[in-house]
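Atoms considered below: every heavy atom in the structure, side chains included; atoms not considered: hydrogens, waters and symmetry mates. Labels below follow one simple rule: chain letters A, B, ... track the order of the sequence lines, proteins then strands, and each chain is numbered from 1.
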Amino acid sequence: MKKIINDPARFVDDTIEGILLAHPDWLSPAGNNRSLIRKSGVPKGQVGIATGGGSGHLPVFLGYVGEGLAHGVAVGNAFASPSARQMLAVTRGVNAGAGVLHLFGNYQGDSLHFEMAAEMAESDGIRVVAVKASDDIASAPPAEWQSRRGVAGIFFAYKLAGARAAEGADLDAVAETAHYAVANTRTLGVALDACTLPEIGHPNFSFADDEMEIGMGIHGEPGLERRTLMRAEDLAATLVDRILADLPFANGDEVAVLVNGLGSTPVEELYILYRSVAPLLAERGIAVHRTYIGEYATSLDMVGASVSVLKLDADSRRLLDAPARSPFFQQSGAGR
Amino acid sequence: MKKIINDPARFVDDTIEGILLAHPDWLSPAGNNRSLIRKSGVPKGQVGIATGGGSGHLPVFLGYVGEGLAHGVAVGNAFASPSARQMLAVTRGVNAGAGVLHLFGNYQGDSLHFEMAAEMAESDGIRVVAVKASDDIASAPPAEWQSRRGVAGIFFAYKLAGARAAEGADLDAVAETAHYAVANTRTLGVALDACTLPEIGHPNFSFADDEMEIGMGIHGEPGLERRTLMRAEDLAATLVDRILADLPFANGDEVAVLVNGLGSTPVEELYILYRSVAPLLAERGIAVHRTYIGEYATSLDMVGASVSVLKLDADSRRLLDAPARSPFFQQSGAGR
Amino acid sequence: MTPFSLDAPAVRAAIMKATTDLEVATGQLSALDAAIGDGDMGLSIANGCRAIREELPPESADIAALLSEAGLIFSEKAGATIGALVGTALIRAGKSVRSKTTIGLPDLATMLLAAEQGIAERGKAQAGDKTLLDALIPARLALEMAIARGTTVDGAVEAMLTAAHGGVTNTAEMVAKFGRGRYLGERSRGHEDAGATAVYLLLASLATRAE
Amino acid sequence: MTPFSLDAPAVRAAIMKATTDLEVATGQLSALDAAIGDGDMGLSIANGCRAIREELPPESADIAALLSEAGLIFSEKAGATIGALVGTALIRAGKSVRSKTTIGLPDLATMLLAAEQGIAERGKAQAGDKTLLDALIPARLALEMAIARGTTVDGAVEAMLTAAHGGVTNTAEMVAKFGRGRYLGERSRGHEDAGATAVYLLLASLATRAE
Ligand SMILES: Nc1ncnc2c1ncn2[C@@H]1O[C@H](COP(=O)(O)OP(=O)(O)O)[C@@H](O)[C@H]1O
Ligand SMILES: Nc1ncnc2c1ncn2[C@@H]1O[C@H](COP(=O)(O)OP(=O)(O)O)[C@@H](O)[C@H]1O
Ligand SMILES: [Mg+2]
Ligand SMILES: [Mg+2]
Ligand SMILES: [Mg+2]
Ligand SMILES: [Mg+2]
């Protein structure tokens, strides 16, 4: 294992300590460092957005706490859900009287803990609505899309719901926007090599030298198929074909595209992938309004990438274009 | 070799094509895609900043063309200097009548080609001043700092010189700022594992499973010493001690710190490193004005990190805090 | 042979022993979870167990409070599915013996039933879904049956363990319906379930104390 | 044995052959560069050579123009140190035979000298610095000496090649003063220089044509 760490058991806490030192104006601990709230707070009467999940996915989840994004985050161990107690602390911390959106990825551990936290928060009188990202088309058939795993596409849910909350919308409206984002985002990825959890010390599974896996989950969950390495052009076609068939996207649609690196894939390769994604969308009459290319949701040092496509309407386009800012993601309003 | 590419020989061109497709409002080719100029152009009478170098280092070099940054870039093959002909095209393209700063890393290939280009540009009547980043303290003793290799610290030179040019300063002033940045930045890095050039297909050198190399260059140039993997705390101490002794930085100084990932190191680990850098600076009475943590200068899929420290004065602090924007780097004026 | 009866210090000691034994199994449990899940379960359990040993209040005469507190700590420090489910199970097991100062064999059966119900309520799984329940349910049933038959304490505990072990073995034939294993569908067959194995190890640890 | 004399088509053919031969050596040259540099030199040369073969104007009676154009193409497409230095060398070699329609053995010596001066001017290196020059200088000197002695064409070419090869061998004893090898200091000793080897291979390729 080649990592810049101290004690593997301190991986998460050391990371958070570093983040708090590096960006002193950004986050405050709610109780302890594993429950963090935006220092700028939630304006009175604004809906709070609480998120959380396992560590090892930066910028997910913590990096999407910021202006025009979420308000607080519960941080779990590497690839492991945080606890209900942490989520409750965050939920209380981001409640400014207008209720709280629980926005997280659809994994059972996270769901169970967020449900426990929601029950407890509700007995405090805080209204909570939960929306789960479930964009990974490799993990269930289209009819069961709500049981799919949440992957990089959660970025769009943060972006849209965060902008809607910042506009002052009420909890149902913010939840509706989050729901729009998760219902209209489709992601498919590919892994070329496994990642190593610090406390495990070796990869959890192995790949042959010329092997890739289409649809592998961000924790190494099994995907759709193992196959020999493909050219970027062929890979793009495989991913785009399946993504477009899934929603389905149609001629005349306008979309945003996220090409995400899983941790160890150079950004050069993400652009090489996008080079072939763009004409495939154009061919089918799908217009790209905005692209996001880089590391938006990682899996430690996994090698691979994913493509996410969000179908836009007038509202979501406005919300996508709104400014946002955290140390991990910045977007000024104008330009692309 | 596990890469998302097509023909290895097309690595650079495919990357650039992807970038131009993904960010259509950003860059225009000057002649061909290997010489790129900011679409927003250089306002009449403003100093143009031309940069360039080998590919495989994104965001370096191309990613630092943007508002408040450089104006044009010549793109070479992976880890190889671009040609004088490309640099001449960029130099001409960014000249708005006030002359051009050639800002690049101190490598012989780049220097020879930039010199050839400068000679040719000058015979066109364009005034050119060259400033080379030479921040890597592993590559020569302090007295010969100007013969050192340029590494991640070039980011500070782009940031400061770009802001100065945007303020409307003349060529000598912009060059002076660039010189301030390179003279006051010190970087030291560590490599934990090698990278693979697409056209070579296997790593150029090898590491034992428990080995790291302090000071290895971003193309794999030999560093100061090979040693067994260190804890992040000890690594931070090694890097910071050598960096602070080199300039030297002194009690009462104010600095900016860049913790840079070389390509395959998760950003979590960069924060774990910074967690130990911060108290070491504080102990010596050095105040951190701003931090930059992430991938600012990579080496394809190399595993490792570097720490850069820039000594600030009033001017450079103002220039560092100025807004800047490219698809690879965004900073709004306020906050940290 | 003494009749089975544990007071609060004995329950506390049993918790300490079980958390130690389970932590020793970290690698084994992670490997099982890795085969059809994400491989974190051993670590989650180890984190939860260590936290219980470190944080459980040293003096307490209240068995229910001990178990509840252990459940809260475990759910917090283990995280993950296993944290929520085992945490809920411990809290419910505690509630089921509220106000008791010692627990006998029938109380153990009551606690196992309460744990089972808590897990089913929170996780929505049923017997045969390749989960914790597939070790817990047969163990609880065997214990109840042995008590009904008037078996010796040793015999009852052995019957419970044998049933739990059989339950683990049976999970190899099952297709996972919950947790990450469900993404594998048919491919989850042929692997014993990590969570069920943890339940068996927990009961086995308690048994060597109970004998 | 015919006296040595090349017209423009023959020069063009020699360029085509040499670029092909050097491209074949990509792996060998990259490996040498990797030992004390960054390992890109073979590829840089291959890129430059391929570009020359593809882009060099097919018809030209002007030897100087042919070499100049080859130099410009090479410097552009090879990039790197080697691109600038060999590009400069080719342009200067061309200039040194400006207006000639055929070149003989003494012209070859003139061209080598011009190349050498161009490289030294641009790169600031001297003999003994473990560079291209350490093959080029002895080769040029041996050729001049053979011509002065009135040696046969074959003998002169062989003397030039032997000297170039000796020069390459000698670079193993040298410490690199330029290029990336210089970061290695003393540790650069014991490795033959990649650039000097390329010069030798180039001359060897020309020689098999010249014979
Ligand atoms: N819904 C459920 N109900 C009961 N037990 C479950 C359920 N889902 C998973 N389990 C058990 O939890 C174990 C995995 O726990 P854990 O590794 O913490 O899950 P995850 O990594 O998916 O969060 C499985 O082996 C299974 O026994
Ligand atoms: N200043 C110089 N003058 C002459 N030859 C040089 C000089 N620097 C390097 N060389 C030659 O160039 C070769 C390396 O070329 P190349 O790989 O292109 O360099 P880099 O990768 O450093 O840009 C060396 O083997 C050496 O022969
Ligand atoms: Mg898990
Ligand atoms: Mg090079
Ligand atoms: Mg698991
Ligand atoms: Mg080289």
Kindly indicate whether the side chain of B:Leu112, heavy atoms from C-beta on, has any atom under 4.5 Å from the side chain of D:Thr81.
yes
Is it the side chain or the backbone of D:Leu72 that comes within 4.5 Å of chain B heavy atoms, both, or neither?
both
Chain B contact via D:Thr88 - side chain, backbone, both or neither, heavy atoms under 4.5 Å
side chain
With chain B, the option among D:Leu184, D:Ile36, D:Leu85, D:Thr26 that has the most non-hydrogen atom pairs under 4.5 Å is D:Leu184
My understanding is that only one of D:Leu43, D:Asp40, D:Asn47 makes a side chain to side chain contact (heavy atoms under 4.5 Å, CB included) with B:Asn77; could you say which?
D:Asn47
Residue among [options] with most heavy-atom pairs under 4.5 Å to chain D:
{"options": "B:Ser111, B:Gly223, B:Pro222", "value": "B:Pro222"}
{"options": "B:Gly76, B:Ala78, B:Ser139, B:Ala9", "value": "B:Ser139"}
{"options": "B:Met116, B:His113, B:Glu115", "value": "B:His113"}

Is B:Arg34 close to chain D through its backbone or its side chain, or both, or neither, when contacts mean heavy atoms under 4.5 Å?
neither
Is it the side chain or the backbone of B:Phe205 that comes within 4.5 Å of chain D heavy atoms, both, or neither?
neither
Donor-acceptor list for residues 92-103 of chain D side chains, cut-off 3.5 Å, not counting sequence neighbours:
| from | atom 1 | to | atom 2 | distance (Å) |
| --- | --- | --- | --- | --- |
| D:Arg92 | NH2 | D:Glu121 | OE2 | 3.1 |
| D:Ser96 | OG | D:Ala93 | O | 2.7 |
| D:Lys100 | NZ | D:Asp107 | OD1 | 2.9 |

Derivation and outcome, side chain to side chain contact (heavy atoms under 4.5 Å, CB included), residues B:Arg85 and D:Ser75
CA-CA 8 Å; B:Arg85 210 176 333 212; D:Ser75 116; over 6 Å; no
Crowded around B:Glu17 CD? As in, over 12 foreign heavy atoms under 6.0 Å?
yes
Compare every heavy atom of D:Arg180 with every heavy atom of B:Tyr107, then report the nearest pair and how far apart it is.
CD2-NH1, 3.2 Å
